[in-house]
Amino acid sequence: MTTLVTVLRGGGRYAAHWVERLANGLFRHSSRFERVLCLSDVAVTGERIERVPLRHDWPGWWSKMEAFRPGLVSGTAVLCDLDNVFTGNADALAEPGLAAMEDHFLKGRLSTALLRWDGDELSSVYETFAADPQRWMKPGSCGRVPNAVHGDQVVVDHLLRREDRVPPFLQRLHPGLVDFYDPSKSAPGPVVVFIGDAKPETASGPIGRIWREALEPA
């Protein structure tokens, strides 16, 4: 089974309709995913969307660490941020094998905006973090990371490096798959990643239209 995993923690900018838009866009542009699994503390519904309750009260983006819980998925899993947008053929994302998006700003470092693994392959990341979350959430716990905000992807990158398991980058495995939002592009995609303050709800051009229309099921 190939599963897209996403995380929605209530009380912030994102709401349940972001999960629906993500799922509808995915299924419109890929036949290789069977379901979307959403870890959330709020109600989430939609075709082929399965909600799994969050176990921990980890704030903000730290809730994404629950995506690596043992026993959560079988087969290929792809962690995907809620503000990513599918605009074209995304089948390559479902190919098996550990891989991650290379961070847009920190070259050579992974981003959890898109991260792929198999089954319980990354359960040690969850177990290490869950054993002492306050330690890992503290800036500096992973050493100095130039020009980076201390967040979940810094910790995931650090723990995998410590285990000598740095994943290959999706941009190199699948050239042309990952795109970064640029309002001047007339044909963005096929997997558009938003960085910084830009978000699809305020995007202009074709990507904004695609996201706004994504509440219609595939």
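Hydrogens, waters and symmetry mates play no part in the numbers below; they use all other heavy atoms, side chains included.
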Over-ring placement of Arg48 relative to Phe27, 6.0 Å and 45° cut-offs:
yes

Do [X] and [Y] share a hydrophobic cluster, counting only Ile, Leu, Val, Met, Phe, Trp and Tyr and linking them when any side-chain heavy atoms are less than 4.5 Å apart?
| X | Y | value |
| --- | --- | --- |
| Val192 | Phe105 | yes |
| Leu173 | Leu4 | no |
| Met1 | Val52 | no |

Output field: ring centroids His56/Tyr126 closer than 6.0 Å
yes

Using ring centroids (six-membered ring only for Trp), state whether His29 and Phe86 fall under 6.0 Å.
no

Separation between [atom1] of [X] and [atom2] of [Y], rounded to the nearest 0.5 Å:
| X | Y | atom1 | atom2 | result |
| --- | --- | --- | --- | --- |
| Leu54 | Cys38 | CG | SG | 8.0 Å |
| Arg172 | Leu170 | CZ | CG | 11.0 Å |
| Gln171 | Asp179 | CD | CG | 10.5 Å |
| Lys64 | Asp152 | NZ | CG | 4.5 Å |
| Met101 | Cys80 | CE | SG | 10.0 Å |
| Leu37 | Leu79 | CG | CG | 11.0 Å |

Ignoring hydrogens and geometry, is there a side-chain-to-backbone donor-acceptor pair from [X] to [Y] under 3.5 Å?
| X | Y | answer |
| --- | --- | --- |
| Asp157 | Leu110 | yes |
| Arg116 | Gly97 | yes |
| Ser40 | Arg9 | no |
| Ser123 | Pro70 | no |
| Glu102 | Arg109 | no |
| Glu20 | His17 | no |
| Arg21 | Asp83 | no |

Minimum heavy-atom distance [X]-[Y], with the two atoms named:
| X | Y | value |
| --- | --- | --- |
| Leu159 | Thr128 | CD2-CG2, 4.0 Å |
| Ala90 | Val191 | CB-CG2, 4.1 Å |
| Ala100 | Pro167 | CB-CG, 3.9 Å |
| Ile195 | Phe180 | CG2-CD2, 3.9 Å |
| Ala113 | Asn84 | O-ND2, 3.0 Å |
| Pro53 | Leu39 | O-CD2, 4.2 Å |

Should [X] and [Y] count as side-chain neighbours, where that means a heavy-atom distance under 4.5 Å?
| X | Y | answer |
| --- | --- | --- |
| Val73 | Arg35 | yes |
| Leu8 | Val19 | yes |
| Phe68 | Leu115 | yes |
| Asp81 | Val193 | no |
| Leu22 | Leu26 | no |
| Thr112 | Trp61 | no |
| Val85 | Phe194 | yes |
| Met65 | Val156 | yes |

Tell me, please, which residues at least two apart from Glu201 pass side chain to side chain contact (heavy atoms under 4.5 Å, CB included).
Arg13, Trp18, Lys199, Trp211

Check the surroundings of atom NZ in Lys185: do more than 12 heavy atoms from other residues, nucleotides or ligands lie under 6.0 Å from it?
yes

Apply side chain to side chain contact (heavy atoms under 4.5 Å, CB included) to the pair Asp103 and Gln153, showing each step before the final yes or no.
CA-CA 9 Å; Asp103 188 89; Gln153 67 186 37; 2.6 Å; yes

Is the ring pair Trp62/His150 parallel, tilted or perpendicular, if the boundaries are 30 and 60 degrees?
tilted

Strictly by modelled atom types, are [X] and [Y] linked by a side-chain donor-acceptor pair under 3.5 Å?
| X | Y | value |
| --- | --- | --- |
| Ser124 | Arg165 | yes |
| Thr3 | Glu34 | no |
| His158 | Arg162 | no |

Evaluate the criterion side chain to side chain contact (heavy atoms under 4.5 Å, CB included) for residue pair Phe129 and Met137; output intermediate values, then yes/no.
CA-CA 9 Å; Phe129 183 85; Met137 286 190 285; 3.8 Å; yes

Passes side chain to side chain contact (heavy atoms under 4.5 Å, CB included), Leu122 versus Leu98? Steps please.
CA-CA 9 Å; Leu122 298 184; Leu98 181 64; 4.1 Å; yes

Pair Glu127-Arg69, salt bridge (Lys or Arg N to Asp or Glu O under 4.0 Å): steps then yes or no:
CA-CA 8 Å; Glu127 290 164 348; Arg69 282 166 26 187; over 6 Å; no

